[in-house]
There are 2 protein chains.
Amino acid sequence: MPRRRASHSMESVITEAVAILDEAGSAALTFRALAGRLGGGVASIYWYVDNKEELLDRATDHVIGDVLGDIARREATEDPIEDLRTSAVMLFDAVTARPWLASYLLRNTDLQPNALRLYEHLGQQVMRLDLPPRETFHALSAVIGYVIGTAADLGQQPPAEVLEGQTTREEYLGRYAERWRESDPQDYPFLHYVVEEFDGHQDADQFSAGLDLVLAGLRLQADR
Amino acid sequence: MPRRRASHSMESVITEAVAILDEAGSAALTFRALAGRLGGGVASIYWYVDNKEELLDRATDHVIGDVLGDIARREATEDPIEDLRTSAVMLFDAVTARPWLASYLLRNTDLQPNALRLYEHLGQQVMRLDLPPRETFHALSAVIGYVIGTAADLGQQPPAEVLEGQTTREEYLGRYAERWRESDPQDYPFLHYVVEEFDGHQDADQFSAGLDLVLAGLRLQADR
DNA sequence: ACCTGAACACCGTTCAAGT
DNA sequence: ACCTGAACACCGTTCAAGT
């Protein structure tokens, strides 16, 4: 008995694409897998999106819509940098939870209106520092670059073994730390100096500390 | 007449892989293209590397070897932060010139000994600030995260049309700027405030300004 | 307007066989 | 020890045909 003619919608296509990405990561999102989930044929998807790039841009914007909602709902405090910090951490957490996001976020704002709104929202917080346009633009670029860049970096870190649950993140870090300890202290004084910090560190702490440096620099500039 | 039996070497495999990456980008590096360049069969490459991941890790480390040489050759000044800045800019320039680098750099230091040496070298400059291990580790993480993250971000920016020479970067930025100007100033005050800075901006300036923020924050921490 | 199966031109990777 | 062609199991994308 042949399958009945399926019926989709842009909404369902994007929702199911996000579901695949969340459950199994970037590599698992194929047109065939998506079609299977939607209960239809592969070619149907091409009626909604022109190609895979557009599919990923739309999937990205879809989840950024939620993130933007969470970020925008927060009340502003009297300290713009504190608000910027809160937003940056929320964005970082969202990207960390969905490592596939980092590679596509803000790539094409035509297909990502929510990402553009997020950009605007963060920019408005920087504007409150009353810096000239150039410094304002650069400050937001720095914060966004740091957040997305670091999240992308950390997001791709865990190799297959960790993802498959054969090893924990701690063991994985520990193995690397062990190699650092075995290196020649003459040649690698830095590795030896920081190895105990590296071993067992939390990505979120590392991110947070770096963000504080950027924001401290920004505060200095704003107070001048 | 059948082709003569080809003879490769790890060196030639990696060199030609880098050549393909430099000339035509990430997508152009296929085992078939590489085999064609080496004048042999596809399967031969698998005698040298286990899979494509290893090929890319080795290609990355190969070019990082040169970058490390350039960076390490510079004389140290009396200001560690100035030296860190110089190194960071050199690394950024190298990654910008080879956008494919960003995604693989420091991904697997077992296969990237030069990348580990580069990490150590930058770390040693941070060490001169005499911060405790934790702050030292976080400071280097922040700088590396910012440099690689921003370079990766900027490196993927130009869409196909620009790469194919159908449009210049300026026109591309200009088209986006035009859309910013057409947006509602009530809803997008930030876009309007910075649009003239965005239009025609140089990536290197944007990077440099953000790096200054990170380093200003670091200097503040070191002087405490 | 929307969906379909089948085909096309690619991939990375494996393998049994050669030199 | 090193190289080979052919095959395998996948991809994204297209297309002519259906409803």
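Side chains included, hydrogens not; waters and symmetry mates left out as well; all remaining heavy atoms used. What you see is a predicted model, and the numbers here were worked out from it, not measured in a lab. Quick note on labels: first sequence line is chain A, next is B, and so on, each numbered from 1.
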Subject >> Set of residues satisfying ring-ring contact (aromatic ring centres under 6.0 Å, His included) with respect to B:His192, sequence neighbours excluded >> reply: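 Partners of B:His192 by the ring-ring contact (aromatic ring centres under 6.0 Å, His included) criterion come out as none, since no residue qualifies.
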Nearest whole angstrom, please: distance from the [atom2] of [N] to the [atom1] of [X].
X	N	atom1	atom2	answer
A:Trp47	D:dG12	CH2	P	21 Å
A:Ile45	C:dG5	CD1	P	12 Å
B:Leu55	C:dG12	CG	P	10 Å
A:Glu54	D:dG12	CD	P	15 Å

Under a 4.0 Å N-O cut-off, is there an ion pair linking [X] with [Y]?
X	Y	value
B:Glu54	B:Arg58	yes
A:Arg181	A:Asp199	yes
B:Asp203	B:Arg169	yes

Original post:
If you round to the nearest 0.5 Å, how far is CG of B:Leu55 from CG of B:Leu21?
Top reply: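 Reported to 0.5 Å precision, the distance equals 7.5 Å.
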Original post:
OG/A:Ser183 to OH/A:Tyr188 distance, rounded to the nearest 0.5 angstrom?
Top reply: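 So the gap between those two atoms works out to 7.0 Å.
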Below 3.5 Å between N/O atoms, which protein atoms pair up with nucleotides 17-19 of chain C? Just atom names and distances, please.
| residue | atom | partner | partner atom | Å |
| --- | --- | --- | --- | --- |
| C:dG18 | N2 | B:Arg5 | NH1 | 2.7 |
| C:dG18 | N2 | B:Arg5 | NH2 | 3.4 |

Original post:
Would A:Arg179 count as a cation-pi partner of A:Tyr176, with NZ or CZ less than 6.0 Å from the six-membered ring centre and within 45° of the ring normal?
Top reply: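 Ring-cation test returns yes.
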Original post:
Does NZ or CZ of B:Arg134 fall inside the cone over B:Phe137's six-membered ring, less than 6.0 Å from its centre and within 45° of the axis?
Top reply: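 Relative to the ring axis of B:Phe137, which defines the angle, B:Arg134 lies outside at least one limit.
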Original post:
When you look for runs of 3 or more Watson-Crick or G-U pairs in a row, both distances below 3.5 Å, which of them include DNA chain D?
Top reply: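 The stems are C:4-8 with D:12-16, C:12-16 with D:4-8.
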So [X] and [Y], would you call those rings parallel, tilted or perpendicular, with 30° and 60° as cut-offs?
X	Y	result
A:Phe31	A:Tyr46	parallel
A:Phe207	A:Tyr146	parallel
B:Phe190	A:Tyr119	perpendicular

Write down the protein N/O and nucleotide N/O pairs, taken from nucleotides 14-16 of chain C, whose separation is under 3.5 Å; answer none if there are no such pairs.
none

For nucleotides 8-11 of chain C, tabulate all protein N/O to nucleotide N/O atom pairs closer than 3.5 Å, reporting atom names and distance.
| residue | atom | partner | partner atom | Å |
| --- | --- | --- | --- | --- |
| C:dC11 | N4 | B:Arg32 | NH2 | 3.4 |

Original post:
Counting only side-chain N and O atoms of A:Ser7, is one of them less than 4.0 Å from OP1 or OP2 of C:dC2?
Top reply: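 Checking A:Ser7 against C:dC2: no side-chain N or O falls below 4.0 Å of OP1 or OP2.
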**OP:** Would you please confirm or rule out a distance under 4.0 Å between OP1 or OP2 of C:dT4 and any side-chain N or O of A:Ser44?
**Re:**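 For C:dT4, OP1/OP2 do have a side-chain N/O of A:Ser44 under 4.0 Å.
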**OP:** Sequence neighbours left out, what passes side chain to side chain donor-acceptor pair (under 3.5 Å) with B:Ser208? Give chain and number order.
**Re:**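 Side chain to side chain donor-acceptor pair (under 3.5 Å) list for B:Ser208, sorted by chain: B:Arg85.
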Original post:
Are A:Asp83 and A:Gln125 close enough that a side-chain donor and a side-chain acceptor fall under 3.5 Å?
Top reply: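 No, A:Gln125 and A:Asp83 have no side-chain donor paired with an acceptor closer than 3.5 Å.
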